[in-house]
Amino acid sequence: AYYEREKRWWNEGKGYTKAIEIDPNYIEAYRDRAKIGERGYGLGRKVAHEDYSKIIEINPRDVDAYLSRSECWGALFEGDERAEPYFLDDVNKALELDPNSARAHYLIGGYKWAKEDYLGAITSFNRALKIDPNFYDALYDRATCKKDFKDFEGAIGDYFKLIQSYSKSSMVPYWEF
């Protein structure tokens, strides 16, 4: 099953590459090929990063491309502080274009959390949740950040909200408590 999935994504990636050869400004082909690369399949994360850069070159106001490229910086250079300025530049550009981007605030929260700036991270997760109250990744990360900050009561409250949310939906959480 794994091999078949890998093979399918590899072939899809080649299809997007062909579409890009036909129309070098076909943004959705770049975006779809990049999403395959983000998963670590087919053409890989390096191509995903290059594809998001190309989307930004074609449309410098594409907020999603800036945010996706920022996530590629983290994946390509995990643990390498040299990537941080590029990550921050992309997220800040996305926020400049769309100050109400829940995803951008969420990514800043994750960055601050990794730097052990727990209050800053919680503030960023709060902003993301104010914009999108159903942003469950932000709620989960805020809960876990509160736990790391030793705000156990706050963490339990957020975990409880997550459990309530999932008990009312057909979605299956992937988090571990």
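Just so you know, these numbers come straight off a predicted model, no measurement behind them. Throughout, numbering of the chain's residues begins at 1 and tracks the sequence.
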S.K.: Go through K147 and T144 one step at a time and tell me if the side chain to side chain contact (heavy atoms under 4.5 Å, CB included) criterion holds.
M.R.: CA-CA 5 Å; K147 177 182 65 82; T144 307; 4.1 Å; yes
S.K.: Regarding S101 and Y106, is there a side-chain donor-to-acceptor distance under 3.5 Å anywhere?
M.R.: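 Looking only at side-chain atoms, Y106 and S101 do not form any donor-acceptor pair under 3.5 Å.
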S.K.: Yes or no on side chain to side chain contact (heavy atoms under 4.5 Å, CB included) for E50 and C72, after CA distance, side-chain angles and deciding distance?
M.R.: CA-CA 9 Å; E50 292 167 359; C72 286; over 6 Å; no
S.K.: Quick one: closest heavy-atom pair of A34 and A48, and the distance?
M.R.: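 That closest heavy-atom pairing would be O-CB, 3.3 Å.
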S.K.: Say whether I27 and I36 are linked into one hydrophobic cluster, either directly or through other cluster members, by side-chain heavy-atom distances under 4.5 angstrom.
M.R.: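 Looking at the clustering, I36 is in a separate group from I27.
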S.K.: Could you grab the distance from atom NE2 of H49 to atom OG of S53, nearest 0.5 Å is fine?
M.R.: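 It comes to 4.5 Å.
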S.K.: Is there a path from L107 to L119 through hydrophobic residues (I, L, V, M, F, W, Y) whose side chains come within less than 4.5 Å of each other?
M.R.: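 As far as the 4.5 Å side-chain criterion goes, L119 and L107 are connected within one cluster.
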S.K.: Return the OG1 to CG distance between T17 and D51, rounded to the nearest 0.5 Å.
M.R.: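 These two atoms lie 7.5 Å from each other.
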S.K.: Suppose we screen for salt bridge (Lys or Arg N to Asp or Glu O under 4.0 Å). Which residues come up paired with K112, at least two apart in sequence or across chains?
M.R.: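 K112: no salt bridge (Lys or Arg N to Asp or Glu O under 4.0 Å) contacts found.
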S.K.: Run the side-chain contact (heavy atoms from CB on, under 4.5 Å) test against I20 and tell me which residues pass, sequence neighbours left out.
M.R.: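 So I20 forms a side-chain contact (heavy atoms from CB on, under 4.5 Å) with A29, Y30, R33.
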S.K.: In chain order, what residues pass the salt bridge (Lys or Arg N to Asp or Glu O under 4.0 Å) check against K18, with sequence neighbours excluded?
M.R.: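 Result, salt bridge (Lys or Arg N to Asp or Glu O under 4.0 Å) vs K18: E21.
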S.K.: So which heavy atom on F87 is nearest to which on S70, and how close?
M.R.: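 Reported closest heavy-atom pair: CD1-O, 3.2 Å.
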S.K.: Heavy atoms, side chains only, cut-off 4.5 Å: are R127 and P99 in contact?
M.R.: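 Not touching, per the 4.5 Å side-chain cut-off.
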S.K.: Applying salt bridge (Lys or Arg N to Asp or Glu O under 4.0 Å), can you list everything that pairs with K54, at least two apart in sequence or on another chain?
M.R.: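 Partners of K54 under the salt bridge (Lys or Arg N to Asp or Glu O under 4.0 Å) test: E57.
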S.K.: By the side-chain hydrogen bond (donor to acceptor under 3.5 Å, both in side chains) test, which pairs, at least two apart or in different chains, include something from residues 87-96?
M.R.: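 Residue pairs with at least one partner in residues 87-96: R69-D90, W73-D90, K93-E96.
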S.K.: Group every Ile, Leu, Val, Met, Phe, Trp and Tyr by side-chain heavy-atom contacts under 4.5 Å, then state whether Y140 and F160 land in the same group.
M.R.: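 Y140 does not cluster with F160.
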S.K.: Check for me, please, whether L95 and L97 land in the same ILVMFWY cluster - side-chain distances under 4.5 Å, paths through other members count.
M.R.: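 Hydrophobic grouping puts L95 with L97.
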S.K.: Considering residues at least two apart in sequence or located in another chain, which fulfil the salt bridge (Lys or Arg N to Asp or Glu O under 4.0 Å) criterion with R31?
M.R.: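 Residues passing salt bridge (Lys or Arg N to Asp or Glu O under 4.0 Å) with R31: E28, D62, D64.
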S.K.: Does a side-chain heavy-atom distance below 4.5 Å link L139 with R142?
M.R.: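 A side-chain contact exists here, since the closest heavy-atom pair is under 4.5 Å.
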S.K.: Any idea which heavy atoms bring P24 and I58 closest together, and the distance?
M.R.: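 In this case the closest contact between P24 and I58 is O-CD1, 3.7 Å.
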S.K.: I'd like to know if the side chain of Y118 pairs up with that of D148 as donor and acceptor (distance under 3.5 Å, no hydrogens or angles considered).
M.R.: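 Y118 vs D148: no donor-acceptor pair found between side chains.
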S.K.: For Y111 and E84, test the side chains for any donor-to-acceptor distance below 3.5 angstrom and give the result as yes or no.
M.R.: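 A pair is found: one side chain offers a donor N or O, the other an acceptor, under 3.5 Å apart.
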S.K.: Drop me the distance from I122's CD1 to D158's CG, to the nearest 0.5 angstrom.
M.R.: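 Going from the CD1 atom of I122 to the CG atom of D158 covers 8.5 Å.
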S.K.: Mind checking whether Y86 and V91 sit in one hydrophobic cluster, side chains of I, L, V, M, F, W, Y counted as touching below 4.5 Å?
M.R.: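 Yes, it is one cluster - the side chains of Y86 and V91 are joined through contacts under 4.5 Å.
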S.K.: Please round to the nearest 0.5 Å and tell me the distance separating atom CG of D98 and atom CD1 of I131.
M.R.: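 So the CG of D98 and the CD1 of I131 are separated by 7.5 Å.
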S.K.: Anything under 30° is parallel, anything over 60° is perpendicular, the rest tilted; go ahead and classify W113 against F125.
M.R.: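 Taking F125 first and then W113, their aromatic rings stand perpendicular (interplane angle over 60°).
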S.K.: What are the two closest heavy atoms between A143 and Y159, and how far apart are they?
M.R.: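 For A143 versus Y159, the nearest heavy atoms are CB-CE2, 3.5 Å.
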S.K.: Looking only at heavy atoms, what is the nearest atom pair of A94 and Y66, with distance?
M.R.: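 Scanning both residues, the minimum pair turns out to be CB-CB, 4.1 Å.
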